[in-house]
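Residue numbering restarts at 1 for every chain, and letters A, B, ... go by the order of the sequence lines.
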There are 2 protein chains.
Amino acid sequence: MPPTKVKSAEIDTSPKRQPRSGGKPKGDATGKPRPLTRIQREKQDIILEAALEVFSLHGFRGATIDQIAEVAGMSKPNLLYYFPRKEEIHRRLISQLLVTWLAPLQEMDANGDPFPEIRSYIRRKLEMARDFPRESRLFANEMLQGAPRIIEMIEVDLKNLVDEKARVLLAWMDQGKIARRDPYHLIFSIWATTQHYADFDVQVRAVLGPARGGEGRFEDAAHYLEQLFLYGLTPRPNLKS
Amino acid sequence: MPPTKVKSAEIDTSPKRQPRSGGKPKGDATGKPRPLTRIQREKQDIILEAALEVFSLHGFRGATIDQIAEVAGMSKPNLLYYFPRKEEIHRRLISQLLVTWLAPLQEMDANGDPFPEIRSYIRRKLEMARDFPRESRLFANEMLQGAPRIIEMIEVDLKNLVDEKARVLLAWMDQGKIARRDPYHLIFSIWATTQHYADFDVQVRAVLGPARGGEGRFEDAAHYLEQLFLYGLTPRPNLKS
DNA sequence: CTAACATTTTTCCAACTGGTCAAAATTCTG
DNA sequence: CAGAATTTTGACCAGTTGGAAAAATGTTAG
């Protein structure tokens, strides 16, 4: 359908308005950025939500602003009014994400009992894979591409946290409370096994088939992983359940 | 540097050649496609190699033909002479990949001893992560995007193979040779833990740091995973080593 | 109400995208 | 070597991309 807009091509005798700003606000002469308006907060949230959807599915380069704008239900220039560049949106998503992402590990308590702590950690991670699969995929996408926009955070924040928790694990091992294993690879294997259920969800569901691929798969996975990390595959005779 | 090509802009008095074919060959009037020439085989390999590099890093949508052509060291139209569409290249890579990808699991022998068989499977998978990280990432990229171009193969070939091997594992469990675990999630966890070292390589290296992030990380991983799948984290008293 | 600011839309653009085409260059093959 | 077939190239194209500019429309404090 052609746009058929007439666009006031006729004579316009109304008093000419002074060209009003038209630029972006976000700061007056004083230099201090003024607080976001209600609309700004709302729209930014809508955009970030839409961007998460698109970025997590196609990666940074594969995602387009038009696509994000469409999912967000607004025009591209309107979107660009809130985030002047594509990278900006992505950066915001990623840095927001990393905080959420580290939380479960952060909660692992050095003063708790090792097995319940580790089991809880696995559960929390698995719940995140279930409840925030897009965030997981966004993260995975970034990793696959060599983490160009996130590498410093990985090398500093993430590494520091893992170093700290590795020491916790080592202490538990020294006390003979858990088997002596490489704590770094232990953490890697928890990440890998849990995030797998978000990142490779299609595969998991396809392989499990309709019968077992339903929502129950997360409970099955939780139970399996618990057993794996506790006992591995060595059969233990005389075990109830 | 500007190309400075003169390109014979002068008068050309040479006898005008009849416009010769110029089209693509790949079949004559008989309809049967003739075998590939040496150049065709070579160039296709170069292109596929370059495409693997680019697709594995940016995913299908994020990769561009120009990029692939540049990595392959040829012009875009030249590349398109061998693969008339972008999708064609990707499809070839993916279907090639899946064969390689399934091989390690295929080798798991129902008549072998469970633990050596499983351990070998883990090792082979880990070696693939080490030696073919781009293939792993290509696969992961496809999965993250919902496997649009591969889903049927997953649902048929992959599922059938996993079903078959799940039965093997179940038989071993029935014989009491390994602990009773969900065989599907067992396979998932082997995939996840091993592929992690290819797909999240940046993260792994960043977290391990320069000291432990070298090539030795794969040996460490292999040893750790062996222990994990064998015994889990339960400490076992009186164990040599 | 209205001026000042905030938001949205329209229009536009240059670079890039996947892909075509014919001519030119090169490589077989007898 | 000639002629045919194959391979490579340069010019080009239409659609998409990220983004700029400015005009049009809303909103709100005084």
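One atom, NZ of B/Lys43, and another, C1' of C/dT26, lie 11 Å apart when rounded to the nearest Å. Rounded to an integer number of Å, the gap from A/Gln44 CD to C/dA6 C1' is 14 Å. Atom pair A/Ile89:CD1 and D/dT17:P shows a separation of 14 Å (rounding to whole Å applied). The NE2-P distance, from B/His58 to C/dT17, rounds to 11 Å in whole Å. As rounded to whole Å, 11 Å separates atom P of C/dT7 from atom CZ of A/Arg41.
Listed by chain and number, the residues in a ring pair (Phe, Tyr, Trp, His ring centres under 6.0 Å) with B/Phe55 are B/Phe60, B/His90 (sequence neighbours excluded). B/Pro210 pairs by the side-chain contact (heavy atoms from CB on, under 4.5 Å) definition with nothing, not counting sequence neighbours. For the ring pair (Phe, Tyr, Trp, His ring centres under 6.0 Å) test, no residue two or more places apart in sequence or in another chain qualifies with A/Phe218.
Contacts between residues 64-74 of chain B and DNA chain C, defined by a heavy-atom separation under 4.0 Å, are made by B/Thr64, B/Ile65, B/Asp66.
Counting only residues at least two apart or on different chains, the side chain to side chain donor-acceptor pair (under 3.5 Å) pairs with a member in residues 91-105 of chain B are B/Gln44-B/Arg92.
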Subject >> B/Arg130 vs B/Glu219, salt bridge (Lys or Arg N to Asp or Glu O under 4.0 Å): CA-CA, chis, key distance, verdict >> reply: CA-CA 10 Å; B/Arg130 182 192 60 197; B/Glu219 258 321 302; 5.4 Å; no
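A donor-acceptor contact under 3.5 Å is not formed by the side chain of B/Lys86 with the base of C/dG19.
Ring pair A/His196/B/Trp191 is tilted by interplanar angle, where 30° to 60° counts as tilted.
For C/dT9, one of the phosphate oxygens OP1 or OP2 lies less than 4.0 angstrom from a side-chain nitrogen or oxygen of A/Ser75. Regarding contacts with the backbone of D/dG18, every side-chain N or O of A/Arg61 stays at 4.0 angstrom or more from both OP1 and OP2. The phosphate of D/dT6 (OP1 or OP2) has no side-chain N or O of B/Gln40 nearer than 4.0 angstrom. Proximity of B/Arg85 to the phosphate of C/dT17: no side-chain N or O atom is located under 4.0 Å from OP1 or OP2. The side chain of B/Tyr81 places no N or O atom within less than 4.0 Å of a non-bridging phosphate oxygen (OP1 or OP2) of D/dT8.
For CD of B/Glu70, the number of neighbouring non-hydrogen atoms (other residues, nucleotides, ligands) closer than 6.0 Å is 12 at most.
In terms of heavy-atom proximity, A/Leu57 sits nearest to B/Leu144 at CD1-O, 3.9 Å. Contact between A/Arg61 and A/Lys86 at its shortest, heavy atoms only, is O-NZ, 3.9 Å.
The A/Leu80 side chain lies nearest to D/dG19 when the options are D/dT9, D/dG19, C/dT9. Of the candidate nucleotides D/dT8, C/dT7, C/dT20, D/dT8 has the atom lying nearest to any side-chain atom of B/Asn78.
Counting non-hydrogen atoms under 4.0 angstrom, A/Lys76 reaches a base of the nucleic acid.
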Do any N or O atoms of the protein come closer than 3.5 Å to N or O atoms of nucleotides 27-30 of chain C, and which pairs are they?
{"from": "C/dC28", "atom 1": "OP2", "to": "B/Arg38", "atom 2": "NH2", "distance (Å)": "2.9"}

